[in-house]
Structure formats: structure tokens, C-alpha cells
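Excluded from the calculations below are hydrogen atoms, water molecules and symmetry mates; all remaining heavy atoms, backbone and side chain alike, are included. Remember, it's a predicted structure, so these values are computed and weren't measured experimentally.
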Amino acid sequence: MKFALSTLSTAVMTTMMLGLANPAIAQTEDTELTQQNDVMPITVTQIVDANDPSNTQNDNTAITNNEPHPSGKPTGLTTLIDPITHKSVDNSYPIEVSSLLSLEQAQNILLQVSPKIAANQAAIAASEYQTDALRTIDNPLVFARVSATAYNLDTDLDLSTLKSGLINEVNDGITPPVPTLPDLPNFGELIGERIPDSYELKRSGSTTGAGVGVVWPIYTAGRTTALTGVSDARTQEARADSLLDKNELYNTLIERYFKAQLAIIAAYLRDDAYDTLQKTDHMAQRLFEEGFISRVDRLEAQSALADAQSESVNANNDARLAMMALQRLLRTDYRIKPSTPLFVSSRPLPDVTYFQDLALNNHPGLQKVAAKRAQAQQLHALSDTGYKPTVLLYGYGQVEKDPSWVAGVSASWKLWGGLDKTASLASSNAKIRQADLSEIEVSDNLLLLVEKNWHDVNNAQSRYQALQSNVDLAAEVLRLRQLGLQEGVNTPIDVVQAQTQSLKARTEQAQAANSYVQSLAALMQSCGTPLAFNTYLNAADIQLPTLYTE
């Protein structure tokens, strides 16, 4: 079946495909927690899925699940249709996924098909590209200018004022006055006759020009470093957010995966109870016909059988719904059947301080707080640069036959106006203090959460072990009641009651196993090492059967 990975740029998708080749591995204090690629073989009961016509195996057929993880090799980026929303998703690749999945296989697939993880990867990539763009802000800026101009000028110039003024200046400028001579001309009037009162100016043509310039900020008082540092810290915050979401998705997967297992076991137990009550009803009919039981006893057996049939149908529907929830998370258009069983370990957990140290060293919530503090520190450094100058080298030259050029250096200080530098520094100092106090609060909450989850695991473990005696007792009582019914010592209602107690005990024990699994997953998530869950899974010495019901 085809899966669609959420939209990313081609470059980011290429990076993701390389990264997805190696599954994430949680780390402990001193050693890296590794995962096995194959879950240990377990015997399961395969039953026919009503919505899967290709599955023709009969109920109660024992098989061994050694199915390898699907290769998931990309066949090239393309546009695919999401099986849930039916929307097209660009820059994706198809992968093949089996309907029978172990938990580890489901975890690896989740990384590839989750839109949230892909969206977070896109956010990280965008922040990284922004940081790369800021790193070159101090580099020399070289630019070229090319111009081409065409012009046409057509206008009348009024020269009368100029003419009058010039005549007066000429006449008044002869000092001392020259006696009037009959043969000497009037110079003012002579000049005035040669200057017209108006002049029509007409010009047209074109000009071209080209030049190369450079601007180089040789000193910015650390502004570029501060801006780049802020962007880097935002990238770290995006990574922490992505890790928080990924850990939460891992926990959601475990929740849905083992809830499906629990629902399947509950459906199987209801079917088993219904089969037992069918035999009891048949025996009650025979005893009633032979006169060994009353009509009331016969009717009670029939009523119990009808109730068991209804409960069986309801339990099967609940199992289908739980499997569908898992299907939605893994974005398939067919039902996912979990093959990793519910489990409980009889071994005690390490001391709670071990897990608390893991949380303080690995939880992404603390990483996010650290990223916030780094941003505040860089903003403080940026605010501090307001008191320092900016120095630039600049130059510009014309590209022509007789070129002209200009070059120089300039320095500028902000003396007044704009953002208040004192208030800006105070704000960044307050943000640093906020981050420091937030780290203390988050650490306290994490330590308390880890201790709470640690106790939940221990409580579920002891609860499961305590219920084993109830299961054994209920099974023995049911066996004796069935024998007593055959011998005529017990009534059908006695068998029904014994069957109800047996069903209750087995269901409660399965629920205790699921509580253990869910509490263990919550503990690993609160430590910031969700994949360490697989290590405890593989080391568990108690495994419930993996069953599938129609």
C-alpha cells in the first residue's frame, strides 16, 4: 500500500530520506540504548478479518510472525494521494507496508508517514536556511548599475527680463560717465538689439552609462554575530519542539498499538465465553428435556447465552475501532494488525533517581528552555551594540572612456531616537532571568512526573502479579462447575457465574498488563528517551498471547 510523506522542498526531502535510513535511538546516561530489528518469534492466533477478503486462514491457526520490516526504499519523489484526507502531497515517495506490524516496525513507519514530523522538519530547515542567509550579511556588497536615457526638450524661454537687466547694467556700468559724442553708439541699445525677447529651445537625444559600486561593512559592533546567534537559537528551539512532538507521537503510537492488543484480547475472551455458554446451553437443554432442571434454569441459561452473544459482538466492534485508530495514525487505507504482544516484566525497575537523571539530561523540554535562554542572551548582545558605531567602506566607478570614480570610508553613531537602548537591554535581561527561572520550574515538574510514572509502573506490575491467583482460581472453579453440571450436581446458572468470574479475572489481568505498558511508555517519555521502551519490551519475561478476532 502506498503512503504519502508530507510536502517538503526537494532539498529537505533528500536530507530526510538519508536521515530516515537509520532509526532514532534513545540514549541513556552512559550507553546508547540499541534496538533489535526483529521482534522475537511469537506464536499467535490468526483469525479472518471481515474487511480483508484475501485472508482465508481459519480461526485458531497457529503461525509464527517472522515478517521482516518493509524495505521502504524510495522510488523517487512524486505526487501522491494521502489515503486519509485524499489530498495530493508533492515531493513524496511511496513505501510498502504490511498489515501485520510489530511495534518497532510501526515506529519506523511513523517517522516516514507522519505529517507533523514532516512539518517540523520543514520548520527546522527553514530556520537553518535563515541562519545561513544571515551569515553573509557582513560580506562586501558589490552592485552594478546600467542606465539608458532618451530625452526630448521643446520650450520657449522668456529673455525679456534678462535683456532689460543686461541693458541697464551696461548703461549704468560706465563710470565715470562718458560725454555724449555724436559718433559714439549707445552700447546698451546695441546689445539689446542683438538679444531677442524670447528663444525657442529644442533638443533631443539619448545617453547611456554604466558603473560598478561596492559597500563593505567592516565593523558592525557584533550585530551580525548577534543576529546569527538568535537565528541559531531559534533553530535549536525548533529542534526541541520537533523532538517533543516526536516523543508524543511515539507515546500515542504505543497507546493505540497496545490498546488495540487489549481490545483484541477482550474480544477473544468474549468469544471464548460465548463458545463456553453455547456448550452450557446445549447441556441445559438436554437436562431440561430429561427433567433434571426446571424451566427457570433453562431460561436463565438461554438469557446468559444471549447476553454473551451481545457482549461478543460489542467487543469485536471495539477491537475494530481500536485497530482503526492505529490505522489512522499510520495513515493506511487498510487495517493494521499488531503483532507485538502485551507484556509485563517481573524484574524490578532501576531506582527512580536513575530515571530522574535521564530526564534532566535528555528531556527536550529543558532543551527548549536552554534555546530560549540562548535567544535572550543574543538579543542582549544585539541591544548592547546600539552604543557602538557602524563603519563602512564604499566605492563607485563609471565604466566609460574617461571613467570617474569615488571611494571613501564612513562611520555612523546613533545619538538619539529610535528604540530606547536602555529599555531594550533591560528587556533582554528580564528574558534571561525568565529562562533561568523556567528551567528550575520545568526541572521540578519533570522530577515529579518521573516519580509519578515510576510508581505507576510498579503498581501495575504488582497488580498483574496479584491477579494471577484470581485467574487460576476462576479457571479451576469453572472447570469444576462444568463437571458438576455434567454430573447433575450444579445448575447452568452456576456454570454461567463461574464463566463470568473467569472472564472478569482474565480481562482484569489483561488490563493490568496494558496499564503496565502504558505507564512504562509514559515513564520513558518523561525521561526524554521514548525508544528505550523497546529495550524493556525485548527483555520482558511475561508476554500475553497475540490474538486476532473477526
Side-chain angles (χ1 to χ4, degrees), residues 43-51 55 57-62 259-323 337 341-342 464 467-514 544-550:
T43 302
V44 301
T45 301
Q46 178 73 38
I47 58 92
V48 177
D49 187 345
N51 292 338
N55 189 347
Q57 291 180 308
N58 296 325
D59 291 355
N60 303 324
T61 301
K259 276 188 176 181
Q261 283 287 35
L262 178 63
I264 291 169
I265 291 176
Y268 172 82
L269 293 177
R270 289 293 179 182
D271 286 346
D272 184 53
Y274 177 63
D275 292 340
T276 301
L277 290 179
Q278 280 184 314
K279 297 175 183 177
T280 302
D281 181 74
H282 179 70
M283 180 66 68
Q285 180 63 28
R286 288 176 54 191
L287 294 175
F288 175 72
E289 291 173 353
E290 295 175 2
F292 288 101
I293 62 174
S294 66
R295 180 173 176 80
V296 173
D297 292 334
R298 176 71 189 97
L299 291 176
E300 285 179 343
Q302 289 179 330
S303 176
L305 179 63
D307 289 341
Q309 183 180 18
S310 175
E311 293 294 335
S312 176
V313 172
N314 292 341
N316 275 272
N317 289 335
D318 290 342
R320 287 193 182 93
L321 181 60
M323 294 169 72
K337 299 176 182 178
L342 282 165
Y464 179 88
L467 287 173
Q468 185 60 47
S469 59
N470 292 355
V471 173
D472 296 338
L473 175 62
E476 182 62 18
V477 171
L478 176 60
R479 186 182 69 85
L480 294 176
R481 293 292 184 269
Q482 289 173 332
L483 291 175
L485 180 62
Q486 295 177 1
E487 298 295 332
V489 178
N490 297 114
T491 64
I493 193 60
D494 293 331
V495 177
V496 170
Q497 291 174 348
Q499 175 63 49
T500 301
Q501 287 300 117
S502 177
L503 175 64
K504 179 181 178 183
R506 296 169 69 185
T507 302
E508 286 180 345
Q509 191 179 43
Q511 291 172 342
N514 183 61
L544 277 65
T546 304
L547 307 170
Y548 300 104
T549 57
E550 183 179 351

Fill in: Over all atoms of both residues, closest heavy-atom pair of Ala260 and Ala322
CA-CB, 3.7 Å
Worksheet item: At their closest point, which heavy atom of Ala512 faces which heavy atom of Leu467, and how far apart are they?
Response: CB-CD1, 4.0 Å
Practice prompt. Compare all side-chain heavy atoms of Arg506 with those of Asn470 and state whether any distance is below 4.5 angstrom.
Written response: no
Worksheet item: Do you know the tightest heavy-atom contact between Ala266 and Ala315?
Response: O-CB, 4.2 Å
Practice prompt. Evaluate whether atom CD of Glu487 has more than 12 neighbouring non-hydrogen atoms of other residues, nucleotides or ligands under 6.0 angstrom away.
Written response: no
Discussion item. As a quick check of understanding, evaluate side-chain contact (heavy atoms from CB on, under 4.5 Å) for Leu305 and Gln309, giving each step before the final call.
Written reply: CA-CA 6 Å; Leu305 179 63; Gln309 183 180 18; 5.8 Å; no
Worksheet entry | Glu290 CD to Gln285 CD distance, which is reported to the nearest 0.5 Å | 10.5 Å
Practice prompt. Check Ala319 against Ala267 and note the closest heavy-atom contact, atom names and distance.
Written response: CB-CB, 4.2 Å
Worksheet item: Could you give the distance from NE2 (His282) to CD (Gln278), rounded to the nearest 0.5 Å?
Response: 11.0 Å
Worksheet entry | Under 3.5 Å donor-acceptor, Asp272 side chain and Tyr268 backbone | no
Discussion item. Are Ser310 and Asp307 packed together at the side-chain level, in the sense that at least one heavy-atom pair is separated by less than 4.5 angstrom?
Written reply: no
Worksheet item: Nearest 0.5 Å, what's the CG-CG distance between Leu277 and Asp281?
Response: 8.5 Å
Practice prompt. With the side chain counted from C-beta on, respond yes when Thr276 and Gln482 share a heavy-atom pair under 4.5 Å apart, and no when they do not.
Written response: yes
Worksheet entry | Side chain Ser303, main chain Leu299, donor-acceptor under 3.5 Å | no
Response to the item:
Note: Ala510 and Leu342 closest approach over all heavy atoms is O-CD1, 4.2 Å
Fill in: Contact check, side chains of Asn317 and Arg320, non-hydrogen atoms, under 4.5 Å
yes
Worksheet item: Is there side-chain contact between Leu544 and Tyr464, with heavy atoms separated by less than 4.5 Å?
Response: yes
Discussion item. So if I apply the side chain to side chain contact (heavy atoms under 4.5 Å, CB included) rule between Thr507 and each of Lys504, Gln509, Gln511, which one comes out positive?
Written reply: Gln511
Worksheet item: Do Leu485 and Asp494 touch side chain to side chain, with heavy atoms closer than 4.5 Å?
Response: no
Response to the item:
Nearest heavy-atom contact between Ile265 and Pro545 is CD1-O, 3.8 Å
Worksheet item: Does any non-hydrogen side-chain atom of Leu503 lie less than 4.5 Å from one of Arg270?
Response: yes
Item to complete: Would you give the length of the straight line joining atom OG1 of Thr500 to atom CD of Glu311, rounded to the nearest 0.5 angstrom?
Response: 10.0 Å
Discussion item. What's the separation between atom CD1 in Ile293 and atom OG1 in Thr491, rounded to the nearest 0.5 Å?
Written reply: 8.0 Å
Worksheet item: Does a side-chain N-to-carboxylate-O contact under 4.0 Å join Glu476 and Arg479?
Response: yes
Discussion item. How long is the straight-line distance from CD of Gln486 back to OG1 of Thr280, given to the nearest 0.5 Å?
Written reply: 9.5 Å
Worksheet item: If we only count heavy atoms from C-beta on, is the Lys337 to Ile264 side-chain gap below 4.5 Å?
Response: no
